[in-house]
Amino acid sequence: MISLEEKEKELKYYQDTLQEVKQEIGKVIVGQEEVIEQLIWAMVSDGHALLEGMPGVGKTMLIRTISEVLSFEFSRIQFTPDLMPSDITGTKMIEIHDNGKQSFVFHEGPIFSNIVLADEINRATPKTQSSLLEAMAEKTVTIMGETRKVSSPFFVLATQNPIDMEGTYPLPEAQMDRFLLKINMGYPKKEELYEIIKRTTGTESYHVQKLLDTEKMQKIQLAVKEILVSQELLDYTVQLIMATHPEEEHASELVKKYVRYGVGPRGVQSLIKVAKARAFCSGRFHVSKGDIKHAAFPVLRHRLFLNFEGEASGIKEDLILEDAIQYTDKVLNVR
């Protein structure tokens, strides 16, 4: 058994490595620090992430760069309306052997990688989208009655854009809930645009180092689970989740007015997992209230389902969450 001092030294090494990972990604991706941070939260929490942003903001480039910094197997699936489930999972095909006998041989699809980039996931049909569900939830794929494990660790990092919805198939609610985080990726700032021009239109090319392997990532994921959460913060988290339920007495006013369904049990589990990840990435060994509040937006925004009035008003889920957080602070008398 290692001593407490050695344990802290090991955790500090992993925390420093994650900082180096962020710096390395920053050699290619200009700005977007919060988005990079949230993607790392998802990965060290052993979860999947949905990245939403306008076309051309660099969603695909960011995920590709992350895969280059991590020494993981990587595959990209471009989702289109004619993509079939077997194009993702793989299938069994008849092969003729040298002795003339025939047998079914399984050919793995691109889902058998550590990082799967599901590009423009809402362009595929619901049937094809759902082929990801089992792998995302159970880490297995079942084909013709035979179940196979996917790689470990396993991350689905998906992209979609909020406009140009013609010919798209919005993700079903059950599949949205499989994503640990929904990350909004906005436009770069003015000064960042100058840097993007400088980096991408000249002759200089930028390369990144590989800093993490699968074994280290699994150790980091275990370390994140060991981060401490006090009973007071568990009470706060549960109260915050209850504040998103429109039928509850202690729901905020915006929730009562605009929300049809609030956050379920998977949401509260995810919130604690990501709060632990944020604490770990910040160099701490315990969760703070700030971790809960910051994690609440990417973890909960896709788990709120608006009613007709909410949809018609165009209100954003983040505004409702902000109201729920303020209301929770008031109910629990938090300063």
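In what follows, residues are counted from 1 in the order of the sequence shown. Keep in mind that this is a model prediction, so the values were computed, not measured.
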On a heavy-atom basis, which atom in Ile66 and which in Met43 lie closest, and how many Å separate them? CG2-SD, 3.9 Å
Separation between OG (Ser131) and CD1 (Ile77), nearest 0.5 Å, reads 7.5 Å
May I ask you to check whether over 12 heavy atoms, not counting those of Glu232, lie within 6.0 Å of atom CD? no
Side chains of Leu132 and Ile121: does their closest heavy-atom pair fall under 4.5 Å? yes
Assess Arg148 against Phe106: is NZ or CZ under 6.0 Å from the centre of the six-membered ring, and within 45 degrees of the ring's axis? yes
Identify the two heavy atoms, one from Ser45 and one from Val274, that lie closest to each other, and give their separation to 0.1 Å. OG-CA, 4.0 Å
With sequence neighbours excluded, give me every salt bridge (charged side-chain N to carboxylate O under 4.0 Å, His left out) pair touching residues 78-88. none
Does Lys182 use its side chain to pair, donor to acceptor, with the backbone of Val299 at less than 3.5 Å? no
Nearest heavy-atom contact between Arg303 and Leu180 is NH1-O, 3.4 Å
Just wondering, do Met242 and His250 contact through their side chains at under 4.5 Å, heavy atoms? no
Looking at every non-hydrogen atom in both residues, tell me the closest pair between Arg178 and Met136 and how far apart they are. CB-CE, 3.8 Å
Going from CD on Gln221 to OG1 on Thr214, what distance comes out if it is rounded to the nearest 0.5 angstrom? 10.0 Å
Separation of Glu253 CD from Gln326 CD (nearest 0.5 Å): 13.0 Å
Might you work through the side chain to side chain contact (heavy atoms under 4.5 Å, CB included) test for Met217 and Phe155, ending with a clear yes or no? CA-CA 12 Å; Met217 176 57 84; Phe155 308 105; 4.2 Å; yes
Can you check whether Ile220 reaches Leu212 side chain to side chain, under 4.5 Å on heavy atoms? yes
Does the side chain of Ile325 come within less than 4.5 Å of Phe297's, by heavy atoms? yes
Within a 6.0 Å radius of atom CD on Glu191, are there more than 12 heavy atoms belonging to other residues, nucleotides or ligands? yes
Tell me, with the steps shown, if Gln160 and Leu171 meet side chain to side chain contact (heavy atoms under 4.5 Å, CB included). CA-CA 10 Å; Gln160 66 176 12; Leu171 291 170; 4.2 Å; yes
Would you confirm whether Thr128, through its side chain, and Leu83, through its main-chain N or O, come within 3.5 Å as a donor-acceptor pair? yes
With hydrophobic residues grouped by side-chain heavy-atom distances under 4.5 Å, do Leu234 and Leu271 end up in a single group? yes
Testing the 3.5 Å rule here: is there a donor-acceptor pair between the side chains of Thr147 and Thr142? yes
Check for a donor-acceptor pair, side chain of Gln15 on one end and backbone N or O of Ser282 on the other, with a separation under 3.5 Å. no
Above 12 or not: heavy atoms from other molecules or residues under 6.0 Å from NZ of Lys92? yes
What is the distance from atom OG of Ser86 to atom CE of Met93, rounded to the nearest 0.5 Å? 9.5 Å
Around Lys257, counting heavy atoms of other residues, nucleotides and ligands shown, do more than 12 lie under 6.0 Å from its NZ? no
Taking Asp119's backbone N and O only, do any of them form a donor-acceptor pair with Arg76's side chain (distance below 3.5 Å, no angle check)? no
For Glu215, look at atom CD and say whether over 12 heavy atoms of other residues, nucleotides or ligands are found less than 6.0 Å away. no
Listed partners of Lys316 passing salt bridge (charged side-chain N to carboxylate O under 4.0 Å, His left out), at least two apart: none
Taking the side chain as C-beta and beyond, is there a heavy-atom pair between Ile40 and Ile36 under 4.5 Å? yes
Point-to-point distance, once rounded to the nearest 0.5 Å, from NE2 of His302 to CG of Asn184: 11.0 Å
What's the separation between atom NZ in Lys59 and atom CG in Leu51, rounded to the nearest 0.5 Å? 7.0 Å
Heavy-atom pair of closest approach, residues Ala223 and Leu11: CB-CD2, 3.3 Å
Side-chain contact test, heavy atoms from C-beta onward, threshold under 4.5 Å: evaluate it for Lys9 versus Lys12 and give yes or no. no
Exam field: side chain Thr159 to backbone Glu120, donor-acceptor pair closer than 3.5 Å: yes
Indicate yes or no for a side-chain donor-acceptor contact from Gln129 to the backbone of Arg123 under 3.5 Å, with no hydrogens or angles considered. no
Answer yes or no: does atom CE of Met176 have more than 12 heavy-atom neighbours from other residues, nucleotides or ligands under 6.0 Å? yes
Any link between Phe74 and Met61 through a network of hydrophobic side chains (Ile, Leu, Val, Met, Phe, Trp, Tyr) touching at under 4.5 Å? yes
Taking Leu240 as the starting point, is it possible to reach Leu319 by hopping between hydrophobic residues whose side chains are less than 4.5 Å apart? yes
Check the pair Gln38 / Arg278 against side chain to side chain contact (heavy atoms under 4.5 Å, CB included), numbers first and verdict last. CA-CA 8 Å; Gln38 292 179 2; Arg278 184 178 188 272; over 6 Å; no
So, applying side chain to side chain contact (heavy atoms under 4.5 Å, CB included) with Ser75, which one of Ile111, Ile88, Val116, Asn114 is it? Val116
What about Val238 and Tyr327, same hydrophobic cluster or not, with Ile/Leu/Val/Met/Phe/Trp/Tyr joined at side-chain heavy-atom distances under 4.5 Å? no
Mark yes when over 12 heavy atoms from residues, nucleotides or ligands other than His294 sit less than 6.0 Å from its NE2; otherwise mark no. no
Compare every heavy atom of Leu181 with every heavy atom of Trp41, then report the nearest pair and how far apart it is. CB-CD1, 4.4 Å
Can you confirm whether more than 12 heavy atoms, excluding those of Tyr261, are under 6.0 Å from its OH atom? no
If you group Ile, Leu, Val, Met, Phe, Trp and Tyr by side-chain heavy-atom gaps below 4.5 Å, do Val30 and Tyr194 land in one group? no
Between the side chain of Ser151 and the main-chain N/O of Phe154, is any donor-acceptor distance below 3.5 Å? no
Between Gln231 and Asp235, does any side-chain donor sit less than 3.5 Å from a side-chain acceptor? yes
Side-chain heavy atoms of Phe79 within contact of Asn122, under 4.5 Å: no
Backbone of Val224 reached by a side-chain donor or acceptor of Lys276 within 3.5 Å: no
Go through the side-chain N and O atoms of Gln218 and Ser152 and say whether any donor and acceptor fall under 3.5 Å apart. yes
Distance-only side-chain donor-acceptor flag, Tyr169 / Lys127, under 3.5 Å: no
Does any non-hydrogen side-chain atom of Glu311 lie less than 4.5 Å from one of Phe308? no
Report the C-alpha distance between Arg199 and Glu195 in whole Å, list the side-chain angles of each, state the deciding distance to 0.1 Å, and finish with yes or no for salt bridge (charged side-chain N to carboxylate O under 4.0 Å, His left out). CA-CA 6 Å; Arg199 289 191 192 183; Glu195 183 63 24; 2.9 Å; yes
Evaluate the side chain to side chain contact (heavy atoms under 4.5 Å, CB included) criterion for residues Asp329 and Lys293: first the C-alpha distance (whole Å), next the side-chain angles of each, then the deciding distance (0.1 Å), finally the verdict. CA-CA 10 Å; Asp329 286 347; Lys293 291 181 179 181; 3.0 Å; yes
I want to check a possible cation-pi pair here: Lys289 against Tyr236, using under 6.0 Å from ring centre and within 45° of the ring axis as the test. yes
